[in-house]
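One structure is given below, encoded as structure tokens.
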Amino acid sequence: ADPEVAAAPRDLVRAVEPLVDPEAVVSGVPPVVDGAMELDFLNMTESTMVLDHLKFADRKPIPAYTGVDVQEEVIARLLALNPDRFLVVTDEAVEKHHASYLDALGSTGIPVHRIVLPCGDQCKSMRHLQRLIDWSFESGGTRSSVVVGFGGGALMNVTGLFAGIVYRGFRLVYVPTTLLAMHDVTTSLKTSICHWGRKNNIGVYYAATLILMDLAFCLTLPQDELLRGLGELCK
């Protein structure tokens, strides 16, 4: 666990507890047992993703699933949350190369709202945070909605902050698309934007309800992006 997070005040850690237990949000869907979840309700008979539980201080572990070329199961696990709508936040690079990856979210009639932010630290601004907040209200977002962060590390930072403050916390799912986001940003509780010329100076600790990592995205990354992710991992 991140020592900075582990040292956070207990009241703060409790304040960012996910609103809904992801293993019990859909009646009739069995809970996670030994890394497997029956997905018969979506014509899937077994899990191909590996389950890990991320633990931070004394809070409830966060389920994090990892697999390769697991788009169908990513969709199934998102639909299992049974929200009144999905609020998908993505970045320009993902919109260009993987725009159709989450299209099947709308297959059951659940409304899907999508917003595209700039790549990198450009998205981590007060202006874009305000834009996300306004968009969520314009889209009819409620405490029953699910926010999906679909992109790189910077996008996850601002998406997590947005999800953590509206309605005192949306349910949040991370679907990272870069190596850096997979091993660093989504596996911590830290969210942030940059303000007044300073980096990551506004943020909260907020836990995702679920993390879904499809390693096939790494096959599409340029070499410099992979090296950045590996460099941060070595640190």
Side-chain angles (χ1 to χ4, degrees), residues 15-29 41-42 62-63 71-96 98-119 122-152 154-177 181 185-186 189 191-193 202-212:
V16 297
E17 191 73 18
L19 295 174
V20 179
D21 182 351
E23 299 174 8
V25 292
V26 182
S27 177
V29 178
F41 67 105
L42 290 171
I62 303 170
Q71 179 183 9
E72 184 179 358
E73 189 170 341
V74 167
I75 296 296
R77 293 193 180 282
L78 284 167
L79 289 174
L81 295 174
N82 196 30
D84 63 354
R85 69 197 64 244
F86 288 104
L87 301 174
V88 178
V89 185
T90 189
D91 60 42
E92 292 170 349
V94 172
E95 184 69 9
K96 178 179 179 180
H98 307 292
S100 63
Y101 187 86
L102 297 179
D103 280 358
L105 283 181
S107 62
T108 62
I110 298 173
V112 180
H113 303 271
R114 191 185 194 96
I115 189 169
V116 181
L117 299 184
C119 296
Q122 290 185 52
C123 71
K124 293 171 57 174
S125 69
M126 188 67 74
R127 181 170 71 88
H128 288 301
L129 177 61
Q130 181 67 58
R131 182 181 168 201
L132 287 172
I133 294 170
D134 292 345
W135 164 73
S136 70
F137 294 140
E138 291 165 358
S139 301
T142 72
R143 289 175 62 88
S144 297
S145 303
V146 167
V147 170
V148 181
F150 180 42
L155 181 92
M156 300 298 175
N157 282 159
V158 67
T159 302
L161 179 55
F162 149 66
I165 60 179
V166 178
Y167 295 122
R168 299 195 181 101
F170 280 117
R171 284 182 289 167
L172 171 65
V173 180
Y174 286 135
V175 183
T177 60
V185 178
T186 59
L189 301 181
T191 73
S192 65
I193 59 170
I202 295 178
V204 299
Y205 292 116
Y206 190 69
T209 303
L210 186 64
I211 300 170
L212 301 169

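Start at 1 with the first residue, then count along the sequence.
- Counting only distance, with no hydrogens or angles, the side chain of Arg77 and the backbone of Leu210 share no donor-acceptor pair below 3.5 Å.
- The two atoms that bring Asn82 and Arg171 nearest to each other are O-NH2, 4.2 Å, heavy atoms only.
- Minimum heavy-atom separation, Pro118 to Asp91: O-CB, 4.0 Å.
- The backbone N or O of Ser136 lies less than 3.5 Å from no partner atom in the side chain of Ser139, so there is not a single donor-acceptor pair.
- Leu155 approaches Thr90 most closely through the heavy-atom pair CD1-O, 3.4 Å.
- Contact annotation: the side chain of Leu129 approaches that of Leu161 to within less than 4.5 Å [non-hydrogen atoms, C-beta and beyond].
- Considering only heavy atoms from C-beta on, Tyr101 stays 4.5 Å or farther from Val94 through its side chain.
- Closest approach of Ile110 to Arg85, counting heavy atoms only: CG2-CA, 3.7 Å.
- The closest donor-acceptor contact from the side chain of Ser100 to the backbone of Asp103 lies at 3.5 Å or more, if one exists at all.
- For the pair Phe150/Arg114, a side-chain contact is recorded, criterion being any heavy-atom separation below 4.5 Å from C-beta on.
- Tyr167 places a side-chain N or O within 3.5 Å of a backbone atom of Gly141 that can act as its donor or acceptor partner.
- Formation of a donor-acceptor pair under 3.5 Å by the Asp84 side chain with backbone atoms of Ser145 is found in this model.
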side-chain contact (heavy atoms from CB on, under 4.5 Å) evaluation trace for Val89 with Trp135: CA-CA 10 Å; Val89 185; Trp135 164 73; 3.9 Å; yes
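- Applying side chain to side chain contact (heavy atoms under 4.5 Å, CB included) to Leu105 and the options Val146, Val74, Val88 leaves one that passes, Val88.
- Annotation: the span from Arg127 atom CZ to Leu132 atom CG amounts to 11.0 Å, rounded to 0.5 Å.
- Using a 4.5 Å heavy-atom cutoff, the side chains of Ile165 and Tyr206 are not in contact.
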Chi angles and distances behind the side-chain contact (heavy atoms from CB on, under 4.5 Å) call for Leu78, Val173: CA-CA 8 Å; Leu78 284 167; Val173 180; 3.6 Å; yes
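- Between the Thr186 side chain and the Ala181 main chain, a donor and an acceptor come within less than 3.5 Å of each other.
- A donor-acceptor contact shorter than 3.5 Å is absent between the side chain of Ser192 and the backbone of Asn157.
- Annotation: the span from Lys124 atom NZ to Thr191 atom OG1 amounts to 9.5 Å, rounded to 0.5 Å.
- In this structure, Phe137 and Val166 have side chains that are in contact, with non-hydrogen atoms separated by less than 4.5 Å.
- Pairing each heavy atom of Tyr174 with each of Gly160, the nearest pair is OH-CA, 3.5 Å.
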For Ser107 and Leu79: C-alpha separation, side-chain torsions, deciding distance, then whether side-chain contact (heavy atoms from CB on, under 4.5 Å) applies. CA-CA 9 Å; Ser107 62; Leu79 289 174; 4.3 Å; yes
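- A distance of 9.5 Å separates CD1 in Ile75 from CD in Glu72, rounded to the nearest 0.5 Å.
- For the pair Glu138/His113, no side-chain contact is recorded, criterion being any heavy-atom separation below 4.5 Å from C-beta on.
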Under the side-chain contact (heavy atoms from CB on, under 4.5 Å) rule, what do Leu117 and Arg131 come out as? Steps first, then yes or no, please. CA-CA 10 Å; Leu117 299 184; Arg131 182 181 168 201; 3.5 Å; yes
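- Looking only at side-chain heavy atoms (C-beta outward), Ile62 and Leu189 come within less than 4.5 Å of each other.
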